[in-house]
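Beneath this line is the structure, given in structure tokens, with notes to follow.
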Amino acid sequence: MGEVLRVENLHKRFGPLHVLQGIDLSVRKGETVVIIGASGSGKSTLLRCLNFLEMPSEGRIFVEGRLVGRETRRPGVMAYAGRELNALRARIGMVFQQFNLFPHMTVEGNVMIGPTKLRGLPEAEARRIAHDNLRRVGILEKAKEYPARLSGGQQQRVAIARALAMEPSMMLFDEATSALDPELVGEVLLSMRRLSEEGMTMLVVTHELGFAYNVADRVIFLEGGKIHEQGTPQEVLLAPREARTREFLRSHTLFRLPDATTETAGEP
Amino acid sequence: MGHEWDFAFLFDQRGFILRGIMGTLGLSVTCVLAGMALGLVFAAARLSRFLVLRLIGTSYVEFFRNIPALVLIFWCYFTLPILMGTQPGAFAAAATAVSLYAGAYMTEIFRSGIQSIDRGQWEAARAIGFGYLGQMRYVVLPQALRVITPPLTSQVMEVVKTTAIASTIAYGEVLYSAKLLSDQEFRPIESYTAVGIFFIIVLALVSAASSLVERRLRRHG
């Protein structure tokens, strides 16, 4: 079992804001890691640092065993070359909360653009790859449509296919279902679950605790820019050791009913 | 007002007039293409994360947008030779002046178009592995062009009309040809009317072409 990703002492600062405060993380090949935490805990920032959409302020990231960037004189601070990062991002799939499909291209155009322009594949082969991946997320029949004509759930599955078409060694999901209508969440989670079962290495930031429980090999609870607690889904979600984790999970109950006593407390 | 309209001499002089028309079209196409290239480059500079590039972009726009095109032409044709020691031809001087002038406006058009594209589009392209040029070429520019087709068309039409000032440095475009003909034939009314009609026809064609492009681009809304 090789290690696809290793993160050592990752820090990210936005001016005075210290968002990530020393993250250490290792992800094995084929593992699905779900990252949970309150908003502002740094989970999206962590994900965005892993494919360098945000530049880490400090810390080392190894992808498939290779250190990204080169050391500078300041300990822990790395320098990155644009060319290296472009090549690296092609090896790491990313799915965004807002889908970000290219509206001026058809569905298959969206999926083919990477293979043709970056991997240099001929049209026919790129189309075959696109269709394979669209089939994988169950949306091949929309190949010729434009994204505007698709539902949010369909768009997000196309976005997953677009990332898969680059044959990445790992997939990052940044709140992939948060922008969806509730009835569309399931189809996207199902695609993600299938992917996990196929053995894709996945890092998933989500609020879907059911997904975390059923699909994750490991759950990480992020709090204040640090890994507060991690373990199997059973450990973290059912028997959390830390008080803050318990508090977060309590506030996250799936069917929360308004509490009569607190609800009326502030009312005149 | 008993003027007897007579356009017959225009037909007799068609070779001369055709040269003028080619002069206007050649200068227009040159200035439109060069202006767009300048506009694209300086728009990218204005949107750069590097302060120096942003300053260069802003300076270019503020400089060339705030000088009358006629002054620029005079400067290129009469002043530059003294400074540089070589006299550029009328075409080179006019093309340089009008291109720089048009480029300043087009910079602002491209900038607004590029800025209207959601940041997520850049990020999605970057996440696939595209560098800056790839993000721009395949994802951002095609969408920006859709947005800026109407203002860009207006600017193209503006450029075509601006080329008429090249007549002031004796460049052989339609207005200059018309002036020569009118002097020779004593027919200013017909000559200058013909110039007006010529521009109306050319610009109507530009406008029609733009509508066509716009409709094609908007098909997928």
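Residue numbering restarts at 1 for every chain, and letters A, B, ... go by the order of the sequence lines.
- No donor-acceptor pair under 3.5 Å is formed between the side chain of Q121(B) and the backbone N or O of P103(A).
- Minimum heavy-atom separation, H104(A) to R146(B): CB-NH2, 3.1 Å.
- Within a 6.0 Å sphere centred on CE of M55(A), other residues, nucleotides and ligands contribute more than 12 heavy atoms.
- If you measure heavy-atom distances from R162(A) to chain B, the contacts under 4.5 Å come from the side chain alone.
- A 6.0 Å sphere centred on CZ of F63(B) holds no more than 12 heavy atoms belonging to other residues, nucleotides or ligands.
- Contact count versus chain B (heavy atoms, under 4.5 Å) is highest, among T106(A), L172(A), L101(A), for L101(A).
- Under a 3.5 Å cut-off, the side chain of N100(A) and the backbone N or O of G120(B) do form a donor-acceptor pair.
- Atoms CZ and NZ, from F130(B) and K117(A) in turn, are 8.0 Å apart once rounded to the nearest 0.5 Å.
- When heavy atoms are compared at a cutoff of 4.5 Å, R137(B) does not approach chain A at all.
- Looking at heavy atoms from C-beta onward, F102(A) lies in side-chain contact with I128(B) at the 4.5 angstrom threshold.
- Atom OH of residue Y138(B) and atom CG of residue L118(A) lie 8.0 Å apart, to the nearest 0.5 angstrom.
- Neither the backbone nor the side chain of R83(A) comes within contact range of chain B; no heavy atoms are under 4.5 Å apart.
- For chain B, the nearby part of I92(A) is the backbone; its heavy atoms alone come within less than 4.5 Å.
- Other residues, nucleotides and ligands contribute more than 12 heavy atoms inside 6.0 Å of the CZ atom of F14(A).
- Annotation: ring pair (Phe, Tyr, Trp, His ring centres under 6.0 Å) contacts of Y60(B) (sequence neighbours excluded): F42(B), F64(B).
- For the pair E123(B) and M94(A), the minimum side-chain heavy-atom distance is 4.5 Å or more.
- Around the CZ atom of R65(B), the shell of radius 6.0 Å holds more than 12 heavy atoms that belong to other residues, nucleotides or ligands.
- Chosen from V95(A), L85(A), L53(A), the residue pairing most often with chain B at heavy-atom distances under 4.5 Å is L53(A).
- Applying the 6.0 Å contact sphere to CZ of R54(B) captures more than 12 heavy atoms from other residues, nucleotides or ligands.
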